[in-house]
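Naming convention: chains lettered A, B, ... in sequence-line order (proteins, then strands); numbering from 1 in each chain.
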Amino acid sequence: MTDMASRIAGKRGAIVRNQAFWGVVAIVVLLAINLIADPGYLSIGYSDGRLSGNLIDILRAAAPILMIAVGMCLVVATGGIDLSVGSIMVVAGAVTMELLSSMNTPDSLGNAALTIALALGIATALGAVNGILVSVVGLQPFISTLVMMLAGRGIAKVITGGQNTTADNEQVEWLANGYILGLPVVFLLSVVIVVLVLMLVRRSALGLMLEAIGMDSRASRLAGVKRRNLQLTVYSVSGLLAGIAGVFATASVMTVDVSRTGYQLELDAILAVVIGGTSLAGGKFSIGGAVIGGLLIATLDKTVVFLGIPASATPAFKAIVIVALCLLQSERVRSLFRQRRALRAQSQKEAVPA
Amino acid sequence: MTVTTRPPTGSAPGPAPSRPSISDRLGARLSALPTVAALLIFVGMIIYGEAAYGRIVQFNTLSNLLVNNAHLIILAVALTFVILTGGIDLSVGAIIAFSSVAGVMLANAGWHPVAAVLVMVLIGSALGLVSGVLIQYFGVQPFIATLATMFLARGLASMLSTVPERLADDSAIRELATQIKIVDGDKVNDLVITPGVIASIVIVAIAFIVLHRTRFGRTVYAIGGSEQSATLMGLPVTVTKLGIYVISGTLAGVAAVVYTSRLGSAQNITGIGWELDAIAAVVIGGTLLTGGTGFVLGSVVGALVLGLMNVLITRDGGIRPEMTTIITGGILLVFVILQRLVAARRRQEQT
Amino acid sequence: MTGAPPIVEMKDISISFPGVKALDEVDFRLFPGEVHTLMGENGAGKSTLIKALTGVYKIDSGEILVSGEERRFGGTADAQAAGIATVYQEVNLCANLSIGENVMLGHEVRGALGINWKATHRAAAEVLSTLGLEHLDLRRPLSTLSLAVQQLVAISRAMITKPKVLILDEPTSSLDANEVANLFTVIRRLRGQGVAILFVTHFLDQVYAISDRITVLRNGAFVGEYPTRELDRTTLISKMIGKDFATLRSLGSERQSHHYEPRGEPLLKAENLGRKGSTEPTDLELHQGEVLGLAGLLGSGRTELARLLYGADKPDSGTIWLRGKKTDIHTPTSALGHRLAFSSENRRDEGIIRDLTVRENLVLAVQAKRGWFRPLSRKEQDTLTRKYLTELNVRPADPERPIKFLSGGNQQKVLLGRWLATEPDLLILDEPTRGIDVGAKAEIQAAVAELAAKGVAVVFISSELEEVVRLSDRIIVMKDHRKLAELENGPHVTAETIVAVIADEGDDEEGDSE
Amino acid sequence: ACGGGDDDTASGDGGSNEGDGGGDEIVTVGFVAVGPEGGWRQANEANVQDTFTEEAGFELKYAPATNLDQRSQIDAFTSFVDEGVDVILLSATEGAGWEDSLRRAQEAEIPVILVDRGIEPDDTSLYVTRIAPDNYEVSTAVADWAVSAFPDGGNYFVLEGPAGVSVVNERNKGWDDTVGSVSNLVKVGAQTANWSTEEAKSVFETVLRANNNDIQLVFAQNDEMGLGAAIAVEEAGLTPGVDVQIATIDGTKPALEALSEGRLSFVAEYNPLFGETLLEVVDKVLNGEEVEPYIIVPSETFDSPEAATAALPDRKY
Ligand SMILES: Nc1ncnc2c1ncn2[C@@H]1O[C@H](COP(=O)(O)OP(=O)(O)OP(=O)(O)O)[C@@H](O)[C@H]1O
Ligand SMILES: Nc1ncnc2c1ncn2[C@@H]1O[C@H](COP(=O)(O)OP(=O)(O)OP(=O)(O)O)[C@@H](O)[C@H]1O
Ligand SMILES: [Mg+2]
Ligand SMILES: [Mg+2]
């Protein structure tokens, strides 16, 4: 019987120890705050084929973050970091807008496909450059991707000649702003991407290999794990996903803003990954956790606007949420809780004579 | 100057086996090689600049290189401590914003300038302590902890004020930027030095002594080598790690004083991205981001390389704006690849 | 000596880790001026007891008295301040710092201008010379030293503090006879000065050579405390493993009578295989079902040769023929593909992946060989894992436990399982028995013998010459990074034969003392 | 204004021209610029660069800020002074903190002309002249339009640039000074969208939700954010120009196009094209002539689709 009790306690412990759990808690808390501010917050409307409401907005805002967070999660698993995702986003956006505007074909499907393919190709190539610097040249990921972060934004500016290029193309616009089954296309696409990556990683042995590299690259090399190829793959995938996110971010307004698109989004992605319980030191990773982290960040951003928190106070608000989450996730705080519980349990036990 | 960082030793007794010792001696030097390379490249850049654009090797350009980058040098020293332990501090730029806005507002509110300056520095220490506690006691990863501190400091700064806060014209804090002319040349061609520059030089000197001649400093290196080993060797790891984040924050506070006094005003948007400049300076100076190897003097050279690069780009005047970040990135890349080659070389020598 | 009160007394110490009771009410006493050996199988709780004493682990219950006072240390530093210096089982030094600094870290000699490096190095040189390391250049980075010398450096470091209690957790696991002798001289001198020494080893010879008293642990429980004189080997072993020694002996002895006559084409043939600075060009032949021993002193280059064979390091000269075909082996991946396997001597850094589970560690190489897109199903993984956990008698046989929570010997067995699971034709084992208890050692030796009987070619590297002689069909003796001699094993070959081969050569060449 | 050097002219310190070896009197102009920031800035700086060409007898050294960081501007400014250029054009990202640098330029006898943004405190003795459209006036113009367009009042929302930037502060002041006194125009909030279309869309989408679409007017402090707001309005199923009227500042081509389509309701030009005026002033300064301390660049406003359509064909930016 005590065995049963302890098993239940153990299960509860496992959930509480699961760091993403606290991300979910934070999302719920934020939504609750919004709900208090406006009782209609969670209501979802439906008109001409599209659901609408704050929740839908959050999902749509989360889509690009989810995409880059998933890529980041894989990179972080190998013990790396990708600071360049924001810059790769702007490059992909710049390529898309520049090409579309030079074609000036508002509703050509072929041009849309061609443009996106090219943008994603370039994004993947930039990711691959990161991969080569890390895996073949052997540079530290922080520096390699920092270089790419600096250079990427420059490249985007070169592509557009420093301008914020605007273009028209219905197909591309639909991707970013359209709806299928009442849900935003972007969000559905990000779900598809998450599911694909999840299957790829967990149904194959890729996840194990990435974790092995992240935990101990020397030992895994001797065990025959192909570190180079895998790192190259992972950084390329991160580049590709950043490219997709970049195309969407720009397509939603059909403008690329060379100095703002994707600016500092790498930080959001890294936060999402960490909130999801993946350690930046590499190793065990959780894509589901990263998704929760991404949703949390989108919720946070939207909450700040919804509550009308003054722009000047937003960073501090963000900081407080992050610190609170970090504390909840920390072993020390949990052990404090455990001790309290244990003390309570003990006093109960002592009350009942053996 | 950077080569002497390894202390001299008495000759080891006994016959040294000849095979390893030559290459090993080379090995010991090689760890300083990226730093030396940075120095050489710095000198090379000066020579190139003088030849291509002129007016580089003259009093004002060189002293302005120091004056303009004094705060960056201080930040680079701060980051050197942190990076040597294998950590990172993203909050320094935001700390500068908060500390300077708060300091200027206090000074304008009638606080004694010394008190205001002290508070500016202590704000840095306090925020550093916050990062340190998060990292050391709550197991938050340095990247995330200092990111949180960065948001916090930036947020506090903008909650204080979003408009430029200007120091009163007669504020004593401004005197910290007094240009002391050592050689009064033609027009502006003077050799000048400011209290800020002096502060940065003193800080570098102290940092050098702390890192190379105190147990605290050696513990910093040991933690960078292996934190677990350092703990099991009985070194005061917790205190040291807390210490370096406090040092880093404090130095950011000092940098805030130096920068603010020169500008005469403070603003919540100051210092965005400076942490990356400081990190770049440290890396260019030959310190590995994984921790354990590097020299504080290298970071100074790194900061000067970055500063000089900006001067040269300005002097050229024809470089398209979109190219500047690409160039910065490229230079950084060249340096790290160089370091990489040296490291590979060293490994080869050792076996 | 028995009259004096104990300097350390631990009573009823219990520690549990998730899922294991590592120590269960263990008692332990340590007297000034004695060498006290802690004995027990891998995972018996020796290292844990030491860490409990120095405060690295918090104890769940029990009492620790130091010099009669109850103490709870907060960590190594605390213990050091109380006069207890410890060398933990894995070498814990900082590879990025110089040798001299590693010895003196935290105890540097300070002058008016901070650390006085001259004096500091002098002090380091002094203590290193007591262990016969006076020839080391103190400014060399530690990373240039072999594991063995690092172990000696770590011991020197512990002596710097002039401790009242010196704890050495398996200090001799990578040392050769000379170095052990040096170490024992030092230990005896310290004992003479009244220092209490706690010593852990799996080498019975060493126990009887140096120790005054033995405490035996089994499965985290206290078995007993005995004066060494009163305990013979057989009894000691049966106390440690809790079963009869005869069964063990029968396992290990099989191989010596077995002699394999190589026939036909060699499985692997290497010509001129070498790498600048690590291995002189070497010729080598290996047949199926043969055990090839690599013998030599520390630093003789056995590991390097093995790594070249496996492609862990790239050779820069020579050719390899596998099954008669010229083959390029340039990475571990390609070696695995050619059915080679290599178990590194550096279990911690190049063997286990600490945070993965036993199962994941075990299937890793098989999976890597198949490629990530052809995953082993969970069922296949479980079957493989169960098979090798049983076959190699890994304890605890829990596939889902992170491997870092296993004791060294059991980690080693899991690694052996990892390589066996790839079904290699050629298995290279570098120091597979280092730091492993008698029982496990016999089991690993038996596994090697069995493999050879199944037709697998084995390269066996060990610093214990007896073991090499017992297991090998042929022995290559190495020195100074080259092949010195090749001996057919037989009744006439003993450990002494090999020592003589090395020594003879040394007279001609005036070799260095490393 | 101090009027540059008293009797020295262009090659006052005689250095740079000899150094460059130019036979003709090539005038070196150091342009401490802002760099890529948006359509307006792009037009402005390209205009300056196109004006001070080699054919016109100038060597223009263009030094954009990195990431809008004032420090990089000060570095560039210092470097121009050390180098001894003939004139410095300064587009400050930030108004405060320029005194020391300007004083050094004075000591080096290099005239400084402020382009677009002014300095704080506005000490006219430190520079020769400032040439710029007036942020305060431009936003006042928007405010005047708002007051007249909403006689019955309404709810409005402000999309700002990054908190703390001086342009934002000036444009807020111009607006608040006029609209703040009109009690029936109710401010429901203000948020930064960092000058960006994408962020403006995301922010305004949520703002509409939070206010149940009950917003009639948006004051976007630049065109890009206004366009983002327009998209958000459309996505919410409303019609920009009818349900929500959007007023922006800058007058870039995309904004005028949007105005002509009726998606925006009011665009106040913040005229970037004053290279010619600048050139004249530089010539005057180098010849030692007096110039006005503040030269305001005239800006237009466009308050109807027709006005925008008319202006579009010769819109250069
Ligand atoms: N940090 C830990 N967490 C969980 N379990 C641990 C930990 N450290 C040790 N153990 C477990 O405690 C038991 C005792 O381990 P310990 O390292 O003390 O053995 P040992 O006697 O030193 O063995 P060896 O001879 O292999 O060194 C083992 O079962 C081991 O798996
Ligand atoms: N700190 C270290 N980290 C990694 N590898 C090391 C380290 N020190 C030494 N080595 C490597 O470990 C191997 C051990 O070398 P050693 O001098 O002991 O000779 P060996 O005969 O090859 O090996 P053995 O230890 O089995 O006798 C060498 O290949 C050396 O390069
Ligand atoms: Mg042990
Ligand atoms: Mg070896």
Checklist entry - With B/L191, which residues qualify under side-chain contact (heavy atoms from CB on, under 4.5 Å), at least two apart? => result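 With neighbours one apart ignored, the set is B/F59, B/S63, B/I182, B/V183.
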Sort [X] into side chain, backbone, both or neither according to what part of it lies under 4.5 angstrom from a heavy atom of chain D.
X      : result
B/R315 : both
B/R174 : side chain
B/S158 : neither
B/I272 : backbone
B/E165 : neither

With sequence neighbours left out, the residues meeting ring pair (Phe, Tyr, Trp, His ring centres under 6.0 Å) with D/F31 are D/Y62
With sequence neighbours left out, the residues meeting ring pair (Phe, Tyr, Trp, His ring centres under 6.0 Å) with D/F52 are D/F58
Are the ring centres of D/Y136 and D/W175 closer than 6.0 Å?
no
Could you tell me if the side chain of [Y] sits less than 4.5 Å from the side chain of [X], heavy atoms only?
X      : Y      : value
D/R130 : D/Y294 : yes
D/Q221 : D/N172 : yes
B/Y259 : B/S100 : no
B/Y53  : D/E83  : no
B/L167 : B/N108 : yes

Identify which of [options] forms the greatest number of heavy-atom pairs closer than 4.5 Å to chain D.
options                : value
B/Q179, B/Q267, B/Q58  : B/Q267
B/G271, B/G307, B/P164 : B/P164
B/I269, B/L65, B/N68   : B/N68

Going by distance alone, is a donor N or O of one side chain under 3.5 Å from an acceptor N or O of the other, for B/T162 and B/N268? no
Next item on the list: Could you please state which residues from residues 91-99 of chain D sit under 4.5 angstrom from chain B, measuring non-hydrogen atom to non-hydrogen atom, sorted by number, or 'none'?
Entry: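 Under the 4.5 Å heavy-atom cut-off, D/E94, D/A96, D/G97, D/E99 qualify.
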Give, as side chain, backbone, both or neither, the part of D/D100 having an atom under 4.5 angstrom from any heavy atom of chain B.
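Looking at D/D100, just its side chain touches chain B.
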Applying a strict 4.5 Å limit to non-hydrogen atoms, the region of D/L68 in contact with chain B is neither
Problem set entry | Donor-acceptor contact present, side-chain B/S99 to main-chain B/I96, <3.5 Å |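 No; judged by distance alone, with no hydrogens or angles, the pair does not exist.
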